Amino acid sequence: GAQSKKGCSQEDDCSSLLSRLGSDSPRPRMKYGGMFCSVEGAFENKTLNFESFSPQTQRRRAARTHSDHYDGGDVLRVGGQTVVFPSGHTRENYSKREGDRLIIKGGKVVNDDQSFYADVYVEDGTIKQIGENLIVPSGVKTVDAYGQLVIPGGVDANTNLLTPQKGLNPTDDFYQGTRAALSGGTTTIMDHVLVEPGTSLLSAFDQWRETAEQRACCDFCLHLDVTRWHEGLYEELETLVKDKGVNSFLFFMTFKDKYQSSDSQLYEAFGVLRDLGAIAQVHAENGDIIDEEQKKLLCLGITGPEGHVLSHPEEVETEAVYRAITIAKQANCPLYVTKVMSKSAADVIAKARKKGIVVYGEPITAGLATDGSHYWSKDWATAAAFVMSPPINPDPSTPLYLTSLLACGDLQVTSSAHASFSTAQKAVGKDDFTLIPEGTNGIEERMSVVWDRAVSTGKMDENEFVAVTSTNAAKLFNIYPRKGRIAVGSDADVVIWNPKETQTVSAKTHNLTLEVNILEGLEFRGVPSVVISGGRVVLEDGKLNVTEGSGRFVPRKAFPDMVYKRIRARSKMAEARGVPRGNYDGPVHDVISMTKSIPPTPTTRGPPCPKTQTCLRNLHQSGFTLAGAQVDDHIPRRSTQRIVAPPGGRSNITSLS
Amino acid sequence: MSDCRRQWNREDELPVYLAGPISTGPNQRKSFGMFSSVEGAFESKTIDFDNYAVGRKGSRTPRSGSRERVLDAEGGAERSAGRRGHRNPERLLIKGGRVVNDDQSFFADVYIEDGLIKQVGENLVVPGGVKVIEVNGHMVIPGGIDVNTCLMKPYLGTNPVDDFLQGTKAALAGGTTMIIDHVTPQPGDSLLDAFECWQEAADKKACCDYSLHVDIPQWNETVKDELELLVHEKGINSFQVYMAYKDVYQMSDSELYEAFSFLKQLGAVVLVHAENGDLIAQEQRKILGMGITGPEGHPLSRPEELEAEAVFRAITLGNRVNCPVYITKVMSKSAADTITQARRKGSVVFGEPITASLATDGSHYWSKNWAKAAAYVTSPPLSPDPTTPDHLHTLLACGDLQVVGSAHCTYSTSQKAIGKDDFTLIPEGTNGVEERMGFVWDKAVAMGKMDENQFVAVTSTNAAKIFNLYPRKGRIAVGSDADIVIWDPNSVKTISAKNQQSASEYNIFEGLECRGGPVLVLSQGQVVYEEGKLQVQQGTGRFIPRKHFPDHAYQRVMFRNQGKEAVTRGMYDGPVYDVVPTPKYITPAPSAKSSPTSHQPPPIRNLHQSNFSLSGAQTDDNVPRRSGHRIVGPPGGRSNITSLG
């Protein structure tokens, strides 16, 4: 724990190249002029100039590559301190590593901003050169990409490979999950660490990371799901953000009495996240309504999977999205809505963005590829396979609509929300839909689905495809341009994409252990023909060649530019000021005897007040009594007559004209 | 006489012409449709007294004598007789006017007897000795209905300066002949007791007819019984719930869902005070922490978004429960737009802007004069956006908002000054009962946004329909109550605290000019306001009971009540994962908020180990365990129904 902490924070001093990229340091990417501009010099033809990389950079590269073989932090530290390569000797040192040097030839490099024909030279798990007529060492493996696209490997911003539900672990863990991801062209995943209420965020994170480092075949980041917010979490959050490389935290607005956070909690948490420079994510559904609807449906005798979608109607999602946006706006915190499943929820996000609110929306594979009519399937197992929340919308026009919003930039990121449970696990809820573990597959099909539904139909171009499958997620979560871009210095996570080929999804042929696939039988145009992860070819000629545990944890810094530039500017503007005015010195109604109805204090949720009899009895009598006989006893009392005039009488400031 | 109050619930005791229209019995208004005219309303006809008289001679007494029920039997009888002698013989003929209802306008005379409209038409045959009011082509409109007043809402033991007497006087002077006041019990109070207390006070003081909404300060089981009683026996069909005022009145979404469901069963209209109380509490704390204690802290801590958000949520809840929702006090453009959009999608939701939001804006919160700034404090606050009134009028004109209330609740400056060092303590409320109709005319009709019929609809008819007072109120038709206003569209008046009826010392519309106003106001067939002079008698206002299931709100809801159906499929008989009977992580019970630090078994320990164990040695003990392996195959193996092809 302590060691790895050190290792991460060391990053600043060990890599001059990387620390410049996407960091919030004094010389950030900002100077290039905004989020969609190119990285300087990325498209120039150039020869390799090894001198331009400082010794420090080499060292850093070494450290990172080494970490493939050991677990995480320790290695970073070890590498950083002990492995020192003088410049110029790098090639010899690395020539033994198989697949470390590659040249991708003849392809069309597609980034989110432009496409161009160029070769890409990869060494040490990093892209070293881009251009034509590259000068490369001999004995380099050539990957043929003629007629195909060379795109940055996909970033799947939402997976649940380890999240237990109702005591059941997903059938696909980090190994099978990342294997499937790679086979679909995704080279980085961001998994959700579910922290059960009452447990330590840090220990959950460490456990998760350890497991993932042992099992994952591709690079990964971690989001933390905070299931019970309280102020005591501040220190842990601070440690996670500053030392552990986590900059995104998910809150649940649903799962009542289990994970659900109240509006007050969300507001407080969002405020803390803003100060730390992290991104708030929400699972947006109104848990209170869902809870009531579930009870109602079970009473009606509806116990099958159709009850799931009936109890999670679209409006409930939309309402929560609206509320989350309102809270985020109030707290001035960037918001990322996971799993946008319905048209109306997507519309709310689009409208909020038009009003200038910093909010991002993430549709998922299932929502983009299929609809919720299957919940009414006569086959229980099929219907149950679709159970996830928010549910897949029964409206068949939803996928098209979400794709359109994705194409025009109103939604930004596609993910899979992959959480796979076998039919036998789902069958735990065979007599009660509320017990069915929630989750669908999609990690493998994600990129093909977007290509097929958006690019080959003409809604989106190839650059936007790269943006929504990879670059935007990398920018939002601050791993850009290390991930999400084909550029010199970026990680060699590269996919050769074949837009012409088609594949048919089937549970028999997919790379998961799951025996069902919700996209069964659907045909998608566009498949990855070669996948390179960390500089190594993992998919070629239809064969997967992955190494368990080769995935590295990718730490993410706080204050991602794409998100926080605006937030910062607004924090400065948003300071409210009081009106300077003289003290009110006019009469003040006397509320001395108000003990009979105590003004409720903001924080106490006291038991219902005892019946206050006086409150309603003598309504025309003043609220207080003076002891003894008074001069005006003969005058009937009326409220609002008793005022306490200040000595000196009324002053100007209270005149009412 | 003592059992007069009982008679309220017995329809057959009511006059024939009333029993029909208001009831929800089998022969109800439904057949006419909501915007159709009342049958025969516009025909010229002579009065047929026999029609009403058969066996019903004495049945007027219960209605006009409703207030006597609080008196003891003998005294009541005497007073009742006396008052009838004084009031009832009045017979009036309004001549030469243009009758304006919400659906059409036409020239006709109106004959009034016994506080009811007896004839509408030309060349009426009327008895001799009738007082004739010549109106020379002025508009004759149904008296206004102000659906939102708080004339007795206590704040820290003090009551508003306008009580039922002052408030209804002001109402009548502005052309409003009926108010619906909010009964505001405190948490823990009995709703019934509060209701009776309000009714008693109003019976003694009100000068115009009134009805009551009951606010539900908290949701629990005892409230349910009281609600049932109020709906079925007391003639209340509308209840307000709060989404704001955290830890006092605020209900959680679950409670709201339950409340909505219950009120729907009762056929009541749910009124919602829509603001996100959780966030307001947070913002208030923040703003006080910044050292802002003046009235400007009020709008700063209650930004428009929080209102719009709560409106959105209330509508969502209403849709889920399938229950009509009525949003009180629509103060901002975004809240109004939210209602508009929901209506486009078919939600049964009504929106009520108030005088203050229609005539002024929230820039005054930043006034240098504390007293002035504090006078505007109400919640939701007036929007600081100066284009808000215009926008709300436009939506009123096109029917996206339906009802104009006043939310009249006046506190004196000294009462407001309770919060001089802390804006959260300033009692909330603004005036507006007197100016309500005038400003709608001035800013909507005189501007050409709205026609006179829509004016009648938003100031009177729609409210009568939603709250089931129609056509007794809200219409000039034979059989309706003689609550009539002669409206002069050309009169110009400058609003000032000096010449208002309200007892408050400050008027938030001070200095504004307002075109259009009442020349003459009839309440229960009596002239109560004429040429600027009020002639009212304290306690003449009657409580008007309202039946449940108002057609206007509930017809659509009823049709939508179709149930959901389950899919009929064979039993799943495939393998079922074996779940451990005692879950490793105990989910917290709904109510128990255990301390956040309470230590639960760490969930992240053995992630690759299954969550259950079989006791004793197993055959596969040598195989390392992985989750997802353990399934229990049913006897007989897999069946067809689980095949996944």
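Below, chains carry the letters A, B, ... as their sequence lines are ordered, and counting in each starts from 1. Everything quoted here is computed from the prediction, not taken from an experiment.
- The salt bridge (Lys or Arg N to Asp or Glu O under 4.0 Å) check on Asp263(A) picks up Arg323(A), with sequence neighbours excluded.
- The shortest side-chain heavy-atom distance between Tyr584(A) and Asp421(B) does not fall under the 4.5 Å cut-off.
- Side chain of Glu296(B) to backbone of Val579(A): a donor-acceptor contact under 3.5 angstrom is found.
- Note: Ser367(B) leads Gly511(B), Ser367(B), Ala373(B) in heavy-atom pairs under 4.5 Å with chain A.
- Neither the backbone nor the side chain of Leu266(A) has a heavy atom closer than 4.5 Å to any heavy atom of chain B.
- Taking CG from Asn276(B) and CD1 from Ile327(A), the interatomic distance works out to 6.0 Å, rounded to the nearest 0.5 Å.
- Proximity to chain B is limited to the side chain of Lys351(A), based on heavy atoms less than 4.5 angstrom apart.
- When only modelled atom types and interatomic distance are considered, Lys345(B) and Ser344(A) share no side-chain donor-acceptor pair under 3.5 Å.
- Chain B forms the most heavy-atom pairs under 4.5 Å with one residue out of Ala331(A), Ala385(A), Ser377(A), Gly271(A), and that residue is Ser377(A).
- Side-chain contact between His589(A) and Tyr411(B) is absent, with no heavy-atom pair separated by less than 4.5 Å.
- Comparing Arg313(B), Glu305(B), Lys286(B), Lys420(B) by heavy-atom pairs within less than 4.5 Å of chain A, the highest count is held by Arg313(B).
- Side chain of Arg320(B) to main chain of Glu293(A): no donor-acceptor pair is present (N/O by atom type, distance under 3.5 Å, no hydrogens or angles).
- With respect to chain A, the highest number of heavy-atom pairs below 4.5 Å among Ala497(B), Pro295(B), Ser261(B), Gly291(B) belongs to Pro295(B).
- Proximity to chain A (any heavy atom under 4.5 Å) is restricted, for Leu279(B), to the side chain, taken from C-beta onward.
- A heavy-atom distance below 4.5 Å is not found between the side chains of Thr316(B) and Asn286(A).
- The candidate from Ile302(A), Ile325(A), Asn517(A) with the greatest count of non-hydrogen atom pairs under 4.5 Å with chain B is Ile302(A).
- Note that the OG1 atom of Thr326(A) and the CD atom of Glu304(B) stand 11.0 Å from one another [nearest 0.5 Å].
- Residues Asp278(B) and Ser262(A) have side chains in contact (heavy-atom distance under 4.5 Å, counting atoms from C-beta outward).
- Interface residue Ser252(B): backbone and side-chain heavy atoms are both found under 4.5 Å from chain A.
- Note on Arg569(B) versus Glu306(A): salt bridge recorded, some NZ/NE/NH1/NH2 to OD/OE distance being below 4.0 Å.
- A side-chain donor-acceptor contact under 3.5 Å links Lys368(B) to the backbone of Pro580(A).
- Contact annotation for Ala384(A): neither backbone nor side-chain heavy atoms come within less than 4.5 Å of a heavy atom of chain B.
- Taking Ser254(B), Pro217(B), Ala417(B) one by one and counting their heavy-atom pairs under 4.5 Å with chain A, the maximum is reached by Ser254(B).
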Legend entry - Steps toward side chain to side chain contact (heavy atoms under 4.5 Å, CB included) verdict (Tyr322(A), Thr338(B)): CA-CA 11 Å; Tyr322(A) 195 108; Thr338(B) 306; 3.8 Å; yes

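- Note that CG of Asp291(A) is 11.5 Å distant from CG of Asp253(B), once rounded to the nearest 0.5 Å.
- Neither the backbone nor the side chain of Leu256(B) has a heavy atom closer than 4.5 Å to any heavy atom of chain A.
- With rounding to the nearest 0.5 angstrom, the OG1 atom of Thr318(A) is 12.5 Å from the CD1 atom of Ile315(B).
- Chosen from Gly294(B), Ala308(B), Ala375(B), the residue pairing most often with chain A at heavy-atom distances under 4.5 Å is Ala308(B).
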Legend entry - Working for side chain to side chain contact (heavy atoms under 4.5 Å, CB included), residues Tyr572(B) and Asp431(A): CA-CA 9 Å; Tyr572(B) 173 87; Asp431(A) 302 319; over 6 Å; no

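- Taking all atoms of both residues into account, the shortest heavy-atom contact from Pro575(B) to Ala427(A) is O-CB, 3.5 Å.
- Looking at Tyr577(B) and Thr423(A), their side chains never come closer than 4.5 Å, going by heavy atoms from C-beta outward.
- With hydrogens and angles disregarded, a donor-acceptor distance shorter than 3.5 Å links the side chain of Lys378(A) to the backbone of Thr568(B).
- When all heavy atoms are compared, the tightest approach of Tyr365(B) to Arg581(A) is O-NH2, 3.2 Å.
- For Lys296(A) and Tyr257(B), the side-chain atoms include at least one donor-acceptor pair closer than 3.5 Å.
- Remark: the backbone N or O of Ser264(A) is paired with a side-chain donor or acceptor of Gln282(B) at under 3.5 angstrom.
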